[in-house]
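Okay, structure first, notes after.
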Amino acid sequence: MDKERLKEILESHGKWLKDEEGERANLSESNLRGADLSEADLRGANLHRANLSGANLREANLFEANLRGANLRVAD
């Protein structure tokens, strides 16, 4: 997934978390290999079967995120 599209999804998800006009992030089956998601607020996001190998998840909030089947190999 390209950086601009990911940024749009994360911004919309942030609005959804604040009960504004956004929507929950659906990143299921997305290729997020090596993505910088540090400090991202991904509470409640759908990351089912996403490829997060090598992704930077430092200080990311993944509370109640769906990580079922996600590839977290070598993720930080």
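Grouping the Ile, Leu, Val, Met, Phe, Trp and Tyr side chains by contacts below 4.5 angstrom, directly or via other members, places L57 apart from V74.
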Step by step, would you call L10 with D41 a side chain to side chain contact (heavy atoms under 4.5 Å, CB included)? CA-CA 8 Å; L10 294 177; D41 192 347; over 6 Å; no

Take E64 and R43, measure what side chain to side chain contact (heavy atoms under 4.5 Å, CB included) needs, and give me the verdict at the end. CA-CA 6 Å; E64 294 188 345; R43 290 175 289 154; over 6 Å; no

Acceptor/donor pairs from residues 15-27 side chains to any protein atom, 3.5 angstrom cut, sequence neighbours excluded:
{"unit_1": "N26", "atom_1": "OD1", "unit_2": "S28", "atom_2": "N", "d": "3.2"}
{"unit_1": "N26", "atom_1": "OD1", "unit_2": "S28", "atom_2": "OG", "d": "2.9"}
{"unit_1": "N26", "atom_1": "OD1", "unit_2": "N46", "atom_2": "ND2", "d": "3.3"}

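Annotation for L37 and A60: closest pair O-CB, 3.5 Å, computed over non-hydrogen atoms. Residues A55 and L32 share a closest heavy-atom pair of CB-O, 3.9 Å. L6 and A35 get closest at one heavy-atom pair: CD2-CB, 4.3 Å. When all heavy atoms are compared, the tightest approach of A75 to L52 is CB-O, 3.6 Å.
For E8, the salt bridge (Lys or Arg N to Asp or Glu O under 4.0 Å) partners at least two apart in sequence or on another chain are R5.
Atom CG in D76 sits 4.0 Å away from atom CZ in R58 (nearest 0.5 Å). N61 contributes atom CG, which lies 11.5 Å from atom CD of E39 (distance to the nearest 0.5 angstrom). Expressed to the nearest 0.5 Å, how far CD of E29 lies from CG of N51 amounts to 11.5 Å.
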